[in-house]
Structure formats: structure tokens, C-alpha cells
Enquirer: 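So that we are looking at the same thing, I have put the structure below in C-alpha cells.
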Protein chains: 2
Amino acid sequence: MSPDSVKGLILVVEDERAISDLLRLYLSREGFGVQVESDGVAGLSAARTLHPVAIILDVGLPSMDGTEICRKLRAEGNWTPVLFCTARDDEVDRVVGLELGADDYITKPFSPREVVARVKAVVRRAVQAASSTGALVLGEVSVDPVTRRVTVAGEQVQLTATEFDLLEHLMANQGRVLSREQLLSEVWGYAAIVGTRTVDVHVAQVRAKLGDHSPIRTVRGVGYSAELEP
Amino acid sequence: MSPDSVKGLILVVEDERAISDLLRLYLSREGFGVQVESDGVAGLSAARTLHPVAIILDVGLPSMDGTEICRKLRAEGNWTPVLFCTARDDEVDRVVGLELGADDYITKPFSPREVVARVKAVVRRAVQAASSTGALVLGEVSVDPVTRRVTVAGEQVQLTATEFDLLEHLMANQGRVLSREQLLSEVWGYAAIVGTRTVDVHVAQVRAKLGDHSPIRTVRGVGYSAELEP
DNA sequence: CCAAATCTTGACGAATCCCTGACGCCGAGG
DNA sequence: CCTCGGCGTCAGGGATTCGTCAAGATTTGG
């Protein structure tokens with residue numbers, strides 16, 4: 001097992017050896033993998049290829065400015081969280097205000113635990129932003145597989161575990177007609193020991209809870225599907 | 001380099017062409033990308049798919065009220081900053097008070113620079129709130145991973161090591177439903193040799209210590225998650 | 001080495017959920 | 001128009017799941 005990838009890789013672009021060593025020490029202690037680059041060009045290419053979960057950028061760097069790296073990444077559509085790291089307060093003005101798409105900044109000298117806390121916060125936020133987009137939406141019905149919440153017309157609806165799994169599976173395959181046998185093996189489990197009529201009952205439950213906005217359509221003789229037009 | 005994505009995208013939902021043109025002009029001059037939708041339904045779907053950094057919503061809209069859009073997004077767990085935009089003062093009462101999760105509001109007529117300033121402020125606030133403190137906050141409960149302190153409604157609460165790790169992990173993944181197996185492997189360790197019921201007991205302990213403000217929700221048949229709404 | 005705190009386990013009860021079977025309606029086909 | 005099979009509906013028994021408690025095991029601190 002490689003200890004590097006437990007929590008993901010942090011890319012540190014910093015030319016002062018004393019600082020990068022410190023960052024490596026404290027971040028790896030927290031379970032992050034750490035890759036250090038000491039000049040801007042190498043840092044940019046590492047950011048493009050290594051897919052780090054966050055990047056710590058020194059503002060003053062040889063060969064390419066830290067702000068320049070961030071700007072290029074953003075222009076390429078790369079929104080990996082970036083923490084700027086700067087010695088002078090007057091540099092702060094250039095990175096905050098999000099003109100560069102920075103997520104946070106640190107001023108030297110900094111305490112290692114402060115850095116760790118901010119890195120974790122930034123990574124957490126990025127993960128959250130990425131995962132909150134995973135909601136399945138069909139008409140008025142919204143199903144979030146991560147939070148396991150269902151809303152219909154803005155109102156939250158309580159589903160049981162089986163009901164949720166069933167609705168999620170139908171919405172994930174929206175438009176496709178799924179047979180009861182398919183639903184049983186894919187929602188209930190590989191070896192479904194329950195009768196196929198059980199599906200009907202749960203479909204009815206879900207429909208009752210979703211009310212008029214239920215997207216579940218019955219395909220007589222075949223099975224069920226989730227779609228907009230009833 | 002596409003100038004649109006330097007600072008992120010602002011979604012404007014506004015049916016009066018004169019106003020949306022003005023907003024587009026001034027916001028894009030500031031480096032934001034701008035997407036305009038002129039009716040509520042299209043606006044809602046754009047908000048779901050485009051992942052804007054902020055949304056400007058007209059309160060009076062054809063096909064769907066601006067407040068309705070905001071309410072639905074919030075119900076789906078989408079907390080993108082929203083600025084309401086309204087012509088009449090009496091409408092203001094409906095959006096402020098944050099019952100709708102609005103971040104700010106503007107009354108027509110407005111000066112373009114005022115709008116720009118508020119948008120920038122709202123975006124900055126959202127980013128700062130998520131990344132600057134390092135503490136995990138959810139309702140009245142605050143968990144600081146660095147100092148390992150927990151406060152509920154301002155009062156400090158003593159948690160044991162396991163209890164703290166459990167709560168921290170749940171809050172770090174707030175909203176996400178975690179199974180007992182996940183919690184065991186991620187909180188107890190990679191090779192957890194303890195029974196899954198152990199999780200229940202510690203959850204109960206944490207709940208007892210947090211009292212009425214406990215953010216831990218049990219998702220029957222699945223696991224636990226930390227969130228505001230019970 | 002002892003004592004206190006913490007962690008884990010097992011049992012029990014209450015609440016909830018799931019499956020089944022029966023009944024009746026409805027659409028398809030003759 | 002009639003028949004038949006698929007489907008919606010309902011309610012009850014059986015099975016899970018979870019909260020709670022207490023006791024034993026383990027760790028921590030002195």
C-alpha cells in the first residue's frame with residue numbers, strides 16, 4: 001500500500017527548501033502525499049499531470065510567477081484548489097478578491113498547523129462542490145445519491161432505504177425500461193430471493209410519496225421506467 | 001484564453017432585456033463570465049448545470065418566481081450565492097431574513113457599480129466562509145480539527161478521542177451519508193476489527209453530549225450523516 | 001501496579017420496514 | 001362483449017434495524 005495516496009496528493013511549488021521541507025513534513029503526517037517543485041515551469045507541468053487535490057503556490061518564484069501558474073491553470077479549465085503563499089502583505093492584494101481564482105492564501109511566517117488546517121478546508125470544500133453536483137433531476141423530482149435526499153417541487157420527501165435505491169436506479173437509467181427481474185438483481189442484490197411482485201409494492205409506495213410529480217411509468221408486460229412524459 | 005472563465009460564471013435570471021444587458025456589460029467588464037436566462041424554468045435548469053459562482057435572480061419572473069427557484073436550489077442542497085433583484089420595496093421583506101437562503105438583495109433602480117460590488121462581496125464571502133476558518137461549523141456545533149475542541153451553542157463540550165474523530169469525520173463530509181463500514185475503516189482504521197454496532201454506541205454518546213443541537217442524522221438501513229435539517 | 005476512564009460487546013425492546021398473499025380493476029385480444 | 005392476465009392496492013405477520021443499557025475488556029495516567 002502506498003502511503004502517498006491515502007488522502008490525495010498535494011503539490012507544493014516553493015523554492016525555499018526550508019519551507020518546502022516543513023510543508024512536506026506536516027502534510028505527510030496528516031496523510032497527504034506531497035510533491036515539491038522548486039520552480040514555476042516544473043510546477044505548472046506537475047499541476048497538469050499529477051492531478052493533485054490541492055496546490056500550494058509561492059507567489060515569488062523563479063522562471064514563472066505563482067500567480068501566472070494559477071492564471072494559466074484556470075484558463076485551461078483546471079479548478080484544482082490553490083493556496084497562495086506569500087511573504088509580503090502587499091502581495092496579498094493581488095491574490096485575494098478571487099481575480100486569480102485563488103481559494104485561500106497564507107502569509108509567511110506561518111504555523112504548520114495553520115497550513116494543514118487550511119489545506120484540509122480547501123480540499124474539503126472542493127470535494128463537496130464536486131459531489132453536490134451529482135443530483136439526479138427529472139422534472140420536479142431531485143434525487144441526491146450522496147446525501148440520499150429526495151425533493152419534489154422543492155419539498156423534501158422521506159423515502160425508506162429500498163424506496164430510495166429503487167427510485168435512484170430508475171432515475172439513473174432515465175428513459176430506459178427496466179424489467180422487474182433487472183430491478184430485483186440490481187437494486188435488491190445479486191441473488192434476489194423475493195418475488196417480482198415486491199417491486200410493484202415499492203413502486204406504488206414511491207409513487208404515493210412523490211404524488212402527482214412521480215416520473216415512474218408502467219410499461220405493461222415489461223417493467224418500469226422513469227421519464228418526464230407519463 | 002477565454003475571458004469568460006477567469007473569475008467564474010455569473011448566472012443572471014431576468015426578463016427585462018434592458019437590465020440583463022446592463023448587468024452583462026458591467027459584470028463581464030469585471031472579468032466575470034455572464035449567462036442570461038429570461039424565464040424561471042430555464043434559469044433553474046441553468047443553475048443546476050452551469051455551476052455559476054453566483055446567481056442574480058429577478059423576483060418577478062415569467063413561468064417561475066425567483067424565490068421559488070432559490071427555494072428549490074436550497075432544497076436540493078445547492079448553496080450557490082444568490083442575490084435577489086427587485087423593483088418594489090415591499091418585495092424585499094419576502095427575501096430578506098434569509099428564510100430563502102438569499103445572500104443579498106438589490107432594489108431597482110440600481111447603479112451598476114453597486115451590483116458589481118455586491119456580487120464580488122458575496123462571492124468572496126462564500127469562499128472565505130468555506131475555507132478560512134479551518135473549523136467545521138454546522139448550526140450551533142463547531143468542531144476544530146486543530147485544537148480538537150468542540151463547542152455547541154458557544155459552550156465547550158468534552159468529547160473522548162473516538163467520539164471526536166467520529167464527529168469530525170461526519171462533519172468533514174457533511175451532508176454525505178456514511179455507512180458503518182465506511183466510518184469504521186475511515187475513523188477506526190484501515191483494518192477495523194470491531195463490530196459495526198460499536199458505531200451506534202459512539203453516535204449515541206456524541207448525541208447525548210451535543211444535546212438538542214446534534215447534527216447527526218441516522219439514515220435507516222444505510223448509516224449516518226451530519227447535516228442541519230434532521 | 002492500581003485506579004479511572006474509555007472502548008467494545010451483547011442483549012433486549014421498540015419502532016420501522018419488507019415481503020407476501022388476496023382481491024379487484026383495467027386493458028388487450030379474441 | 002367476454003375472457004384473461006397483468007397490475008394497483010391493502011393489510012398483517014415476520015424480520016431488520018436502531019437506541020439503550022450494563023457489564024466486561026482495554027487503555028491511560030499516576
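Per chain, numbering begins at 1; letters A, B, ... match sequence-line order. All of these numbers come straight from a predicted model, not from anything done at the bench.
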Enquirer: Rounded to the nearest 0.5 Å, what separates atom CG in B/L178 from atom OG in B/S225?
Expert: 7.5 Å
Enquirer: Can you measure B/D200 atom CG to D/dG19 atom P for me and round it to whole angstrom units?
Expert: 6 Å
Enquirer: Starting at CD of A/Q205 and ending at C1' of D/dC10, how long is that distance when rounded to a whole Å?
Expert: 10 Å
Enquirer: Could you tell me whether a side-chain N or O of A/R207 sits under 3.5 Å from a main-chain N or O of A/I216, the two making a donor and an acceptor?
Expert: yes
Enquirer: Counting C-beta onward and ignoring hydrogens, is there a side-chain heavy-atom pair between A/L27 and A/I56 closer than 4.5 Å?
Expert: yes
Enquirer: Which nucleotide in the set D/dC7, C/dC17, D/dG19 lies at the smallest distance from any side-chain heavy atom of B/R207?
Expert: D/dG19
Enquirer: Categorize A/V199 for me: base, sugar-phosphate, or nothing, with a 4.0 angstrom heavy-atom threshold over every strand shown.
Expert: nothing
Enquirer: Atom pairs under 3.5 Å, N or O on each side, protein against nucleotides 4-11 of chain C: can you list them with distances?
Expert:
from, atom 1, to, atom 2, distance (Å)
C/dC7, OP1, B/T160, OG1, 3.3
C/dC7, OP1, B/T162, N, 3.0
C/dC7, OP1, B/T162, OG1, 2.6
C/dC7, OP2, B/T160, OG1, 2.7
C/dT8, OP1, B/W188, NE1, 3.2
C/dT8, OP2, B/W188, NE1, 3.1
C/dT9, OP2, B/G195, N, 2.8
C/dT9, OP2, B/T198, OG1, 2.8

Enquirer: What distance separates B/L210 CG from B/Q205 CD, expressed to the nearest 0.5 Å?
Expert: 11.0 Å
Enquirer: Could you measure the distance from the CG atom of A/L138 to the CG atom of A/L170? Nearest 0.5 Å is fine.
Expert: 10.5 Å
Enquirer: If we ignore hydrogens and angles and just use 3.5 Å, is the side chain of A/S214 paired with the main-chain N or O of A/G211 as donor and acceptor?
Expert: no
Enquirer: Whole Å only: how far is the CZ atom of A/F164 from the P atom of C/dC17?
Expert: 15 Å
Enquirer: Counting only side-chain N and O atoms of A/Y224, is one of them less than 4.0 Å from OP1 or OP2 of D/dG8?
Expert: yes
Enquirer: What integer distance in Å separates B/R180:CZ from D/dT17:P?
Expert: 9 Å
Enquirer: Thinking salt bridges, do B/R176 and A/D144 make one under a 4.0 Å N-O criterion?
Expert: no
Enquirer: Nearest whole Å is fine: how far is D/dC7 C1' from A/R220 CZ?
Expert: 7 Å
Enquirer: Between B/A204 and A/G223, which is nearer to the 5' end of DNA chain D once each is assigned its nearest nucleotide?
Expert: A/G223
Enquirer: Mind calculating the distance between CG (A/L184) and C1' (C/dT20) to the nearest angstrom?
Expert: 14 Å
Enquirer: Calculate the interatomic distance between B/L183 atom CG and D/dC18 atom C1'; express it in whole Å.
Expert: 15 Å
